[in-house]
Amino acid sequence: MSGVNDIRSTFLNYFKANGHEVVASSPLVPRNDPTLMFTNAGMVQFKNVFTGVETRPYVRAATSQKCVRAGGKHNDLEQVGRTARHHTFFEMLGNFSFGDYFKKDAIAWAWELMTEVYGLPKDQLYVTVFEGDPSANISFDQEAYDRWAQFIDPKRILKGNKKDNFWEMGDTGPCGPCSEIHVDCRSDEERAKLPGHLLVNKDHPQVIEIWNNVFMEYERKASGELVALPKKHVDTGMGFERLVRVLQGKTSNYDTDVFQPLIQKIEELSGLRYSATDEHLHKSKQVINIGMRVIADHIRTIAFSIADGQLPGNTGAGYVIRRILRRAVRYGYQSLN
Ligand code: SER
């Protein structure tokens with residue numbers, strides 16, 4: 001399976017077969033949440049379910065959520081164009097448990113989907129677990145470690161700190177320790193030279209995080225205090241564009257079928273050519289690549305945002321969209337003439 005729509009529906013159907021309700025993406029701009037400018041994760045539409053304020057007629061859900069990360073706590077804007085994997089707009093594939101299953105099933109399903117259904121090679125995967133934070137009275141996530149150890153060589157289970165392995169949606173809200181899956185997409189030769197565990201969470205362009213499994217147990221209050229949630233939940237998020245890249249065997253998200261039609265159109269309009277890799281490219285060609293990636297990324301953010309009712313404006317989310325639009329226009333002039 002390598003088509004983008006197949007890859008997405010395989011995820012949703014897998015969780016549907018495991019008792020999940022497939023729920024539509026919520027709009028990019030949350031209507032009832034003044035703490036967020038944009039939906040920045042699949043869990044945003046379920047925030048009140050996690051905190052116990054709202055109930056739904058189902059306890060398991062799966063979504064493909066439209067997300068923007070261009071302001072606030074999760075902000076990737078300045079990286080976009082310079083890397084093969086950052087976006088302002090992206091789709092997040094997620095499965096959710098509302099007080100139902102927890103670490104055991106979440107980890108078993110994540111592993112089965114990755115290795116059996118999508119067929120990723122086990123010896124190219126690494127997982128991380130939270131090392132704990134004595135200052136917040138949270139211990140090492142032994143349970144997640146033990147669950148992973150049933151499937152994967154313990155040498156491939158790495159401990160991560162608060163920055164990488166404790167997920168929070170913003171300054172306040174539901175949060176908890178998380179376990180990430182990373183894929184080492186380097187060549188066999190490179191992998192033989194340097195073991196991948198040394199490159200996890202080190203910003204290596206080919207050793208990338210692909211899926212985050214958050215075990216929601218706490219709520220961060222405005223005072224900074226962490227309080228236990230009434231129930232324990234699961235919130236996962238997989239970067240769809242990264243998954244497509246791995247399954248299509250590409251070294252950049254921009255080389256996949258998600259972005260190539262846009263890049264081809266930009267080539268046609270500018271009369272310039274995109275090169276599949278930046279490595280060993282002359283600086284003038286790199287500038288063209290960056291410009292094309294910026295425009296291909298930003299035009300999705302702007303188009304989906306406007307379609308969801310958020311026009312460019314002078315304040316708040318509208319101003320972020322205006323800045324993204326201006327950034328794309330600037331790259332169009334400066335890099336693509
Ligand atoms: N909320 C987590 C994240 O965004 C998992 O979905 O990474």
Side-chain angles (χ1 to χ4, degrees), residues 8 11-12 14-15 20-26 28 30 33 35-51 60-77 79 85-98 100-103 105-107 109-111 113-114 126-130 141 144 148 160-183 200-201 203 208-220 226 229 232-243 253:
R8 184 190 298 107
F11 180 93
L12 297 173
Y14 176 83
F15 284 104
H20 292 65
E21 178 87 9
V22 176
V23 177
S25 171
S26 64
L28 268 183
D33 190 343
T35 69
L36 281 181
M37 268 201 281
F38 293 101
T39 301
N40 61 5
M43 54 75 68
V44 167
Q45 68 166 313
F46 303 119
K47 182 178 158 187
N48 288 341
V49 187
F50 290 130
T51 53
R60 299 176 181 185
T63 60
S64 167
Q65 173 68 48
K66 293 172 279 186
C67 295
V68 163
R69 289 193 174 176
K73 180 170 161 58
H74 298 279
N75 183 358
D76 293 333
L77 180 61
Q79 299 277 56
R85 67 185 191 286
H86 285 99
H87 303 293
T88 52
F89 172 88
F90 63 99
E91 277 181 74
M92 184 181 278
L93 301 173
N95 57 291
F96 305 90
S97 155
F98 309 123
D100 186 41
Y101 63 86
F102 203 45
K103 296 178 188 179
D105 291 317
I107 287 173
W109 284 331
W111 187 251
L113 180 61
M114 278 294 169
Y126 292 89
V127 300
T128 62
V129 297
F130 185 44
D141 194 348
W148 283 119
N161 61 19
K162 205 161 46 174
K163 178 180 148 283
D164 294 317
N165 284 88
F166 192 88
W167 197 83
E168 312 202 34
M169 72 181 261
D171 295 334
T172 60
C175 53
C178 60
S179 217
E180 298 171 343
I181 302 178
H182 295 250
V183 193
V200 167
N201 277 329
D203 271 338
I208 55 172
E209 178 203 338
I210 191 164
W211 197 357
N212 190 13
N213 276 242
V214 183
F215 308 117
M216 295 279 188
E217 289 187 56
Y218 305 100
E219 182 177 0
R220 176 81 67 188
L226 274 184
L229 288 171
K232 294 181 180 181
H233 314 277
V234 171
D235 149 35
T236 88
M238 173 139 62
F240 175 65
E241 294 76 5
R242 293 184 185 189
L243 174 67
N253 296 10

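Treat the numbers as computed from the prediction; the structure is a model and nothing was measured. When a ligand or atom number is given, it counts from 1 through the structure's own listing order.
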Quiz item: Which residue, Phe215, Phe102, Phe50, forms the ring pair (Phe, Tyr, Trp, His ring centres under 6.0 Å) with His233?
Solution: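 Only match with His233 under ring pair (Phe, Tyr, Trp, His ring centres under 6.0 Å): Phe50.
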
Practice problem: Please determine which of Phe166, Tyr218, Trp167 meets the ring pair (Phe, Tyr, Trp, His ring centres under 6.0 Å) test together with Phe130. | Solution: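 So, applying the ring pair (Phe, Tyr, Trp, His ring centres under 6.0 Å) to Phe130 and each of Phe166, Tyr218, Trp167, only Phe166 qualifies.
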
Self-check item: Arg69, portion touching ligand 1 at heavy-atom distance under 4.0 Å
Solution: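 Looking at Arg69 and ligand 1, just side chain atoms fall under 4.0 Å.
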
Quiz item: Should the proximity of Asp235 to ligand 1, defined as any heavy atom under 4.0 Å, be assigned to the side chain, the backbone, both, or neither?
Solution: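 Both backbone and side chain.
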
Short list, please: which atoms of ligand 1 are under 4.0 Å from a heavy atom of [X]?
{"X": "Met43", "answer": "1 (N)"}
{"X": "Ala41", "answer": "1 (N), 4 (O)"}
{"X": "Asn212", "answer": "2 (C), 3 (C), 5 (C), 7 (O)"}
{"X": "Val214", "answer": "2 (C), 5 (C)"}

Kindly state whether the ring of [X] and the ring of [Y] have centres lying under 6.0 angstrom apart.
{"X": "Tyr126", "Y": "His182", "result": "no"}
{"X": "Phe240", "Y": "Phe90", "result": "no"}
{"X": "His20", "Y": "Phe11", "result": "no"}

Quiz item: Do any N/O atoms on Asn40 end up under 3.5 angstrom from N/O atoms on ligand 1?
Solution: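 Among all N and O atoms of Asn40, none is under 3.5 Å from an N or O of ligand 1.
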
Quiz prompt | Polar proximity ligand 1 side, Gly237 side, N/O cut 3.5 Å exclusive | solution =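 Yes.
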
Exercise. Take every heavy atom of Met238, measure it against each atom of ligand 1, and state whether any distance is under 4.0 Å.
Key: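 No.
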
Self-check item: Geometric cation-pi criterion Arg60 and Phe96, 6.0 Å radius, 45° cone
Solution: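 No, Arg60 and Phe96 do not form such a contact.
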
Quiz prompt | Main-chain N/O of Thr128 paired to Ser179 side chain as donor or acceptor, under 3.5 Å | solution =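 Yes, because the side chain of Ser179 sits within donor-acceptor range (under 3.5 Å) of the backbone of Thr128.
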
